[in-house]
Structure formats: structure tokens, C-alpha cells
Amino acid sequence: MGEPAQGPLAVVRQKRDAAFLTEDRVAELIRPRPFGKERRIAERARLTQEMGPLALWEGYRDFTAPEDSFTRSSNSVRTSHKYGRVYVQLVRGFRPWTVVEIGTAFGVSGMYWLAGLSANRRGRLVTFDPNRQWQEIARANMAAISPRFTAVADTFEAGFEAARIWFGRPGIAFIDGIHVGDIVKAQAELLIARIASPWILVFDDIRFNDGMYRCFRETEQVAGVVSAVEIESRVGILELDPMAGGASRTGP
């Protein structure tokens with residue numbers, strides 16, 4: 001797929017013996033292996049990149065420099081194939097009923113999550129992004145992999161209540177929207193306050209800036225976190241079990 005067949009490196013901070021994300025299991029998750037629909041994802045990603053840079057969501061202007069072109073191409077915001085393989089294996093192993101994605105972008109990461117759900121033959125992706133132009137492209141990409149998704153053309157904060165996400169069964173949340181620590185932490189807190197079953201939170205670009213890494217490490221201290229993983233200082237993963245630490249459900 002254009003990348004060396006070598007897996008990323010990971011650091012695991014396991015806090016409970018019964019955690020899903022043990023060192024052995026994480027080693028399995030990051031071990032490179034082929035999966036169904038891999039070539040289709042690569043081809044869709046290639047065609048999407050050929051569309052060139054497209055305009056960012058207008059609300060993103062508060063977080064860009066004045067000289068920013070205010071456009072991005074798919075490759076500048078997409079999940080790499082190396083990490084996409086990890087996400088496929090994470091879904092196949094954890095078997096979530098729901099994957100919540102904050103930041104659909106062009107749908108490349110969504111295709112990986114859907115490849116895992118499709119292999120499991122259960123579960124649904126609910127993905128949020130206010131950029132309607134990008135979302136139309138993402139919908140077409142994701143539909144080429146599986147119909148198991150709902151794409152919400154809104155921010156997570158504005159749209160998650162209406163999406164009726166079921167937090168009472170195991171799930172995964174992928175937080176990959178605006179990489180500002182305070183915003184990401186607030187999104188994580190919205191999720192954590194509602195889950196009533198084991199969930200896994202995946203944070204992209206945890207070393208993007210100091211605020212992002214501080215957000216990840218502070219969230220790691222939340223009651224109920226039973227394991228924390230850092231993959232090559234790029235992706236952070238927290239396993240949360242509300243029965244282990246008192247996280248409470250306040251939503252559907």
C-alpha cells in the first residue's frame with residue numbers, strides 16, 4: 001500500500017488487570033496484517049486526494065493563521081494506512097456496537113472503521129462534520145465500504161443528542177476534529193458523562209501541540225480509565241469502564 005510493512009510502536013499504561021488493552025493485546029493490534037476492503041480504501045483515498053485542496057469549514061477560521069490558505073487536501077488531514085490498520089483491528093477485537101467519529105473530513109478514517117464493523121457484521125459508525133462539501137465526498141467514500149453509517153453534517157456538540165447514540169453497549173469514540181486541547185477535552189467529557197458500558201476513546205494527534213497532550217494525560221486520570229496507550233506519540237487511546245470508577249450516564 002506504499003508504506004513499509006512494519007507496525008507502529010506503542011506504550012501501554014495498564015491500570016486494571018481485567019482491561020481489554022493489555023500489552024499483549026496492543027501488540028496484536030499494531031501488528032501489520034491485511035484486511036478485507038484494504039485495496040478499495042486505498043483506491044478511494046487516492047481518488048479523493050486527486051480532487052485537490054478544498055475549503056475548510058467556516059467555523060475553523062478562529063483556529064487558523066491569517067496567512068493560512070484555508071483549504072486542505074485529503075492527504076493533509078486523513079488517517080494514514082498504518083493507523084487505519086490499527087483501527088480495523090481495534091474494531092474487530094473490541095467488537096463495539098457504535099463507533100462515534102468527531103471529524104469526518106473526507107471519510108478516509110471512516111472507511112477504516114467501517115471495514116472493521118463490516119467484518120464483525122454488527123455495529124454502526126456515527127460520524128460528525130459541519131463541512132457539508134467534505135461530507136458529501138465522505139459519504140460516497142464510506143458507502144463504497146459499508147452502509148453501516150450515519151453521517152451528521154454538524155458539529156458533534158450540536159448534533160450528538162439528535163443522533164441518539166446508544167451509550168449502554170460497548171463503543172469506540174474517535175476524536176479527530178479541531179486539535180485544540182480545551183475543545184477536545186470538552187468533547188471527551190461529553191462522552192464520558194454518558195457512557196454506561198465499556199468504551200474506548202481514541203485521540204488523534206496527541207502531540208500536535210502542548211494543549212493536546214495535556215488534554216490526553218488529564219483525561220487519562222478520569223475515574224474509570226483502566227488502560228492508556230500511546231502509539232508513536234501520535235495516537236492516544238483510553239479504555240474506560242464505568243463500573244471500575246464511577247463514570248455515570250446522563251444521556252440516551
Side-chain angles (χ1 to χ4, degrees), residues 1 20 29 33-48 74 77-156 158-177 187 190-191 194-204 235 237 239-240 251-252:
M1 311 307 296
F20 171 79
L29 290 176
R33 69 188 75 187
F35 62 89
K37 305 186 180 181
E38 190 168 13
R39 292 185 180 277
R40 189 179 304 177
I41 292 173
E43 178 63 9
R44 298 291 308 192
R46 183 186 68 79
L47 292 172
T48 304
S74 177
V77 297
R78 59 160 286 185
T79 290
S80 71
H81 181 61
K82 176 169 67 174
Y83 290 106
R85 285 185 302 214
V86 174
Y87 300 156
V88 172
Q89 297 306 322
L90 180 60
V91 170
R92 296 197 67 176
F94 191 64
R95 297 183 62 80
W97 288 93
T98 304
V99 176
V100 174
E101 178 180 54
I102 302 174
T104 314
F106 295 98
V108 177
S109 55
M111 289 192 286
Y112 287 109
W113 294 115
L114 285 167
L117 293 172
S118 179
N120 288 351
R121 298 184 180 181
R122 82 174 196 193
R124 192 164 189 83
L125 170 70
V126 183
T127 181
F128 298 84
D129 201 300
N131 190 321
R132 294 180 181 273
Q133 182 186 27
W134 289 20
Q135 264 235 347
E136 286 304 310
I137 297 167
R139 287 171 191 260
N141 282 334
M142 294 185 294
I145 304 303
S146 171
R148 293 178 174 272
F149 71 90
T150 299
V152 181
D154 208 339
T155 64
F156 169 70
F160 81 95
E161 293 283 9
R164 302 294 296 174
I165 299 164
W166 193 4
F167 292 98
R169 283 188 171 182
I172 295 173
F174 180 48
I175 306 177
D176 187 25
Q187 291 168 338
L190 281 174
L191 290 161
R194 286 161 174 78
I195 67 170
S197 184
W199 272 64
I200 288 174
L201 307 187
V202 181
F203 300 75
D204 189 46
V235 172
I237 306 177
E239 178 185 350
L240 186 70

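Positions are given from 1, in the same order as the sequence printed here.
Every residue two or more places apart in sequence or in another chain that forms a ring-ring contact (aromatic ring centres under 6.0 Å, His included) with Phe174 is listed here: Tyr87, Trp113. Take Thr98 and apply the side chain to side chain contact (heavy atoms under 4.5 Å, CB included) test, not counting sequence neighbours, and it matches Val100, Val126, Ile165, Trp199. Arg40 pairs by the salt bridge (Lys or Arg N to Asp or Glu O under 4.0 Å) definition with nothing, not counting sequence neighbours. Evaluation of the side-chain hydrogen bond (donor to acceptor under 3.5 Å, both in side chains) rule for Thr104 yields Thr127, Gln135 as partners, not counting sequence neighbours. Partners of Thr155 according to the side chain to side chain contact (heavy atoms under 4.5 Å, CB included) rule, which considers only residues two or more places apart in sequence or in another chain, are Trp57, Pro130, Glu157, Ala158. Every residue two or more places apart in sequence or in another chain that forms a side-chain hydrogen bond (donor to acceptor under 3.5 Å, both in side chains) with Asn141 is listed here: Arg44, Thr48. With sequence neighbours left out, Val86 forms a side chain to side chain contact (heavy atoms under 4.5 Å, CB included) with Pro8, Ile30, Ile231. In this structure Asp129 satisfies the side-chain hydrogen bond (donor to acceptor under 3.5 Å, both in side chains) test with no other residue, sequence neighbours excluded. Residues forming a side-chain hydrogen bond (donor to acceptor under 3.5 Å, both in side chains) with Arg122 (at least two apart in sequence, or on another chain): none.
Atom NE2 of residue His81 and atom OH of residue Tyr83 lie 13.5 Å apart, to the nearest 0.5 angstrom. With rounding to the nearest 0.5 angstrom, the CD1 atom of Ile102 is 5.0 Å from the CD1 atom of Ile175. With rounding to the nearest 0.5 angstrom, the CG atom of Leu240 is 10.0 Å from the CD1 atom of Ile200. Atom CD of residue Gln187 and atom CZ of residue Phe203 lie 9.5 Å apart, to the nearest 0.5 angstrom. Here the straight-line distance linking atom CG of Leu190 with atom CD1 of Ile195 works out to 12.5 Å at 0.5 Å rounding. Thr150 OG1 to Glu101 CD: the interatomic distance, rounded to the nearest 0.5 Å, is 12.5 Å.
Side chain of Glu239 to main chain of Phe20: a donor-acceptor pair is present (N/O by atom type, distance under 3.5 Å, no hydrogens or angles). Looking only at distances, a side-chain donor or acceptor of Arg148 sits under 3.5 Å from a matching main-chain atom of Arg121. Under a 3.5 Å cut-off, the side chain of Arg124 and the backbone N or O of Phe149 do form a donor-acceptor pair. Counting only distance, with no hydrogens or angles, the side chain of Lys37 and the backbone of Ile145 share a donor-acceptor pair below 3.5 Å. Listed for the Asn131 side chain is no donor-acceptor partner under 3.5 Å among the backbone atoms of Ala105.
Of all non-hydrogen atoms in Gly171 and Pro96, the two that sit nearest each other are CA-CB, 3.7 Å. In terms of heavy atoms, Met111 sits closest to Ala45 at CE-N, 4.2 Å. Between Asn120 and Val91 the shortest heavy-atom distance is ND2-O, 2.9 Å. Counting all heavy atoms, side chain and backbone alike, Gly36 lies closest to Ala115 at O-CB, 4.1 Å. Residues Ala119 and Arg92 come closest through the heavy atom pair CB-NE, 3.6 Å.
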Inset, instruction - I would like to know whether Leu125 and Leu117 meet side-chain contact (heavy atoms from CB on, under 4.5 Å); could you show each step before the answer? - result: CA-CA 8 Å; Leu125 170 70; Leu117 293 172; 4.1 Å; yes
Legend entry - Evaluation steps, salt bridge (Lys or Arg N to Asp or Glu O under 4.0 Å), between Glu161 and Arg194: CA-CA 11 Å; Glu161 293 283 9; Arg194 286 161 174 78; 3.4 Å; yes
Inset, instruction - Any chance you could lay out the side-chain contact (heavy atoms from CB on, under 4.5 Å) test for Arg78 and Tyr112, step after step, and finish with the verdict? - result: CA-CA 11 Å; Arg78 59 160 286 185; Tyr112 287 109; 3.6 Å; yes
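Using a 4.5 Å heavy-atom cutoff, the side chains of Val235 and Ile237 are in contact. The side-chain heavy atoms of Trp97 and Pro170, taken from C-beta on, include a pair separated by under 4.5 Å.
Counting only residues at least two apart or in different chains, ring-ring contact (aromatic ring centres under 6.0 Å, His included) contacts with residues 122-141 comprise Phe106-Trp134, Phe128-Phe156. Applying the salt bridge (Lys or Arg N to Asp or Glu O under 4.0 Å) test to residues at least two apart or on different chains, the pairs with a partner in residues 136-145 are Glu136-Arg139.
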